[in-house]
*Asks:* 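The structure follows.
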Amino acid sequence: FETLADAMQALHNGGMAGAVTMLIRAGIYSERLVIEPIAGLSAENTLTFRSQSGNPNFTEIAIEGTSAEPYTVLLNNVQHVHFSDFTLENTGTSNGHTVQITGTSGNISFNNMRFEGVHTTISSNPLALIRVEGNSFGHIQLKNSRFTRGSYGIYALGNTSNNNDRIEIIKNTFEHQYSRAIHLQA
C-alpha cells in the first residue's frame, strides 16, 4: 500500500479473515490513522501495526491536529488492536492528541512506542498525548513507551454509570508534560 489510509480502506472494505500485521517501513508518514469497526476483527483475528525495523526512532506518523480532527490516531469502537515500535506525533498547537480512544474501544495495546506532542503552557486536555473517553472502554495497555511534551501524557475520562475495565501503565517514561503525566477520572 502507498499510504496507511489505503491499507485501512482495504480493511474497512474487505474485512479480516485472520490476524493482520501491518509492517510499516522506516520514514515519516504525514497522515491520520483512523480505525473504526472492521468486519472479522476479534480476539483471534487481531490487527497489529508495527515498524519493520523494530526501532521507534526510524518510523513516525506525524500530523497537525485540527478542531475537527484533533488526533494522529483515532480508535473508535474497536477492539483487539495493537501498536509497537514506532513514533506517533501531533504537531498541532491548539488541538493535538497523538491517540484518541473513544466509544467502546478496548483490548488495545501500545508497546515500545514514542508519543510526542507540542511544547505548551496550556493545562487543558485537548493537548493530551493519549486521550481516552467512552461509554465503556475495555482493557488498554501502555508499556515500555516514552511520552514527551503535551499538557497531559495520558488523560482518561471514564463514565461512572458504565463498566470501564482497566488501564495498565507499565515501565513508561513521562517527560515535559505541562499539567500532569497521568490524569484518570471516573
Side-chain angles (χ1 to χ4, degrees), residues 1-63 65-66 68-90 97-116 129-145 154 156 158-159 162-172:
F1 296 100
E2 289 294 316
T3 67
L4 296 169
D6 291 345
M8 289 312 304
Q9 188 64 44
L11 282 174
H12 285 125
N13 289 342
M16 295 172 50
V20 172
T21 298
M22 301 254 186
L23 292 175
I24 305 170
R25 290 189 179 130
I28 297 174
Y29 298 83
S30 298
E31 58 182 299
R32 268 178 241 301
L33 183 57
V34 177
I35 306 169
E36 295 184 297
I38 299 169
L41 183 60
S42 68
E44 296 80 30
N45 297 334
T46 60
L47 175 58
T48 301
F49 295 88
R50 182 168 50 90
S51 74
Q52 194 172 36
S53 71
N55 186 330
N57 294 318
F58 299 151
T59 304
E60 180 176 350
I61 301 171
I63 198 160
T66 66
E69 297 176 308
Y71 46 81
T72 302
V73 173
L74 172 65
L75 296 153
N76 183 31
N77 293 314
V78 294
Q79 305 276 329
H80 311 293
V81 181
H82 311 288
F83 300 85
S84 65
D85 307 320
F86 60 94
T87 298
L88 294 172
E89 182 175 9
N90 195 312
H97 311 305
T98 54
V99 177
Q100 185 168 329
I101 302 171
T102 63
T104 57
S105 295
N107 297 307
I108 296 169
S109 68
F110 298 90
N111 185 40
N112 194 34
M113 297 287 292
R114 293 187 187 227
F115 302 95
E116 298 183 5
L129 296 175
I130 294 186
R131 181 181 170 94
V132 181
E133 60 184 341
N135 297 327
S136 180
F137 59 81
H139 178 219
I140 298 169
Q141 184 182 75
L142 303 147
K143 186 175 179 183
N144 300 320
S145 296
I154 300 168
N159 183 328
N162 292 312
N163 185 18
N164 295 316
D165 203 345
R166 67 190 178 279
I167 297 178
E168 290 183 280
I169 303 168
I170 304 165
K171 294 185 180 180
N172 295 289

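All heavy atoms count here, side chains included; hydrogens, waters and symmetry mates do not. Treat the numbers as computed from the prediction; the structure is a model and nothing was measured.
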*Asks:* Drop me the distance from Leu75's CG to Leu47's CG, to the nearest 0.5 angstrom.
*Replies:* 9.5 Å
*Asks:* Compare every heavy atom of Arg32 with every heavy atom of Gly65, then report the nearest pair and how far apart it is.
*Replies:* CA-NH1, 4.2 Å
*Asks:* For Thr98 and Asn90, run side chain to side chain donor-acceptor pair (under 3.5 Å): C-alpha distance rounded to whole Å, both residues' side-chain angles, the deciding distance at 0.1 Å, then the answer.
*Replies:* CA-CA 5 Å; Thr98 54; Asn90 195 312; over 6 Å; no
*Asks:* Can you tell whether the side chains of Arg114 and Glu116 come within less than 4.0 Å, N to carboxylate O?
*Replies:* no
*Asks:* Start with the C-alpha gap between Ile38 and Val78, add the side-chain angles, then the distance that decides, and say whether side chain to side chain contact (heavy atoms under 4.5 Å, CB included) holds.
*Replies:* CA-CA 8 Å; Ile38 299 169; Val78 294; 5.7 Å; no
*Asks:* As a test of understanding, state which of Glu168, His139, His82 forms a side chain to side chain donor-acceptor pair (under 3.5 Å) with Ser109.
*Replies:* His82
*Asks:* Spell out, as yes or no, whether a donor-acceptor pair under 3.5 Å connects the side chain of Glu31 to the backbone of Thr3.
*Replies:* no
*Asks:* What are the two closest non-hydrogen atoms of Asn172 and Leu142, and how far apart are they?
*Replies:* ND2-O, 2.8 Å
*Asks:* Please assess Arg50 against Thr21 for the test side chain to side chain contact (heavy atoms under 4.5 Å, CB included), listing each intermediate value before the final yes or no.
*Replies:* CA-CA 7 Å; Arg50 182 168 50 90; Thr21 298; 4.0 Å; yes
*Asks:* In Å and rounded to the nearest 0.5 Å, what is the CD1 to CD distance from Ile130 to Gln100?
*Replies:* 11.5 Å
*Asks:* As an exercise, state the distance from CZ of Arg131 to OH of Tyr71, rounded to the nearest 0.5 Å.
*Replies:* 13.5 Å
*Asks:* Checking side chain to side chain donor-acceptor pair (under 3.5 Å) between Asn112 and each of Asp85, Asn144, Asn55, which is the one that passes?
*Replies:* Asp85
*Asks:* On a heavy-atom basis, which atom in Asn76 and which in Pro37 lie closest, and how many Å separate them?
*Replies:* O-CD, 3.4 Å
*Asks:* Given the rule in the side chain to side chain contact (heavy atoms under 4.5 Å, CB included) test, do Phe49 and Ile35 qualify, once you have shown the distances and angles that lead to the verdict?
*Replies:* CA-CA 11 Å; Phe49 295 88; Ile35 306 169; 3.5 Å; yes
*Asks:* A side-chain contact here means heavy atoms from C-beta on lying under 4.5 Å apart; do Glu44 and His80 qualify?
*Replies:* no
*Asks:* Determine whether Met8 and Val34 satisfy the following criterion, side chain to side chain contact (heavy atoms under 4.5 Å, CB included), listing intermediate values before the conclusion.
*Replies:* CA-CA 8 Å; Met8 289 312 304; Val34 177; over 6 Å; no
*Asks:* Identify the two heavy atoms, one from Thr72 and one from Glu89, that lie closest to each other, and give their separation to 0.1 Å.
*Replies:* OG1-O, 2.9 Å
*Asks:* Check for a donor-acceptor pair, side chain of Ser51 on one end and backbone N or O of Thr59 on the other, with a separation under 3.5 Å.
*Replies:* no
*Asks:* First locate atom CD1 of Ile28, then atom CD1 of Ile63, and finally report the distance between them rounded to the nearest 0.5 Å.
*Replies:* 13.0 Å
*Asks:* For a quick test of reading the model, state the closest non-hydrogen atom pair linking Leu11 to Met16 and the distance between them.
*Replies:* CD2-CG, 3.6 Å
*Asks:* Check Pro56 against Gly54 and note the closest heavy-atom contact, atom names and distance.
*Replies:* CD-O, 3.9 Å
*Asks:* How long is the span from the CG atom in Leu33 to the CZ atom in Phe83, to the nearest 0.5 Å?
*Replies:* 6.0 Å
*Asks:* If I take atom CD1 from residue Ile108 and atom CD1 from residue Ile140, how far apart are they, to the nearest 0.5 angstrom?
*Replies:* 5.5 Å
*Asks:* Would you call the rings of Phe115 and Phe110 parallel, tilted or perpendicular, where under 30° means parallel and over 60° means perpendicular?
*Replies:* perpendicular
*Asks:* Any non-hydrogen side-chain atom of Met113 less than 4.5 Å from a side-chain atom of Phe86?
*Replies:* yes
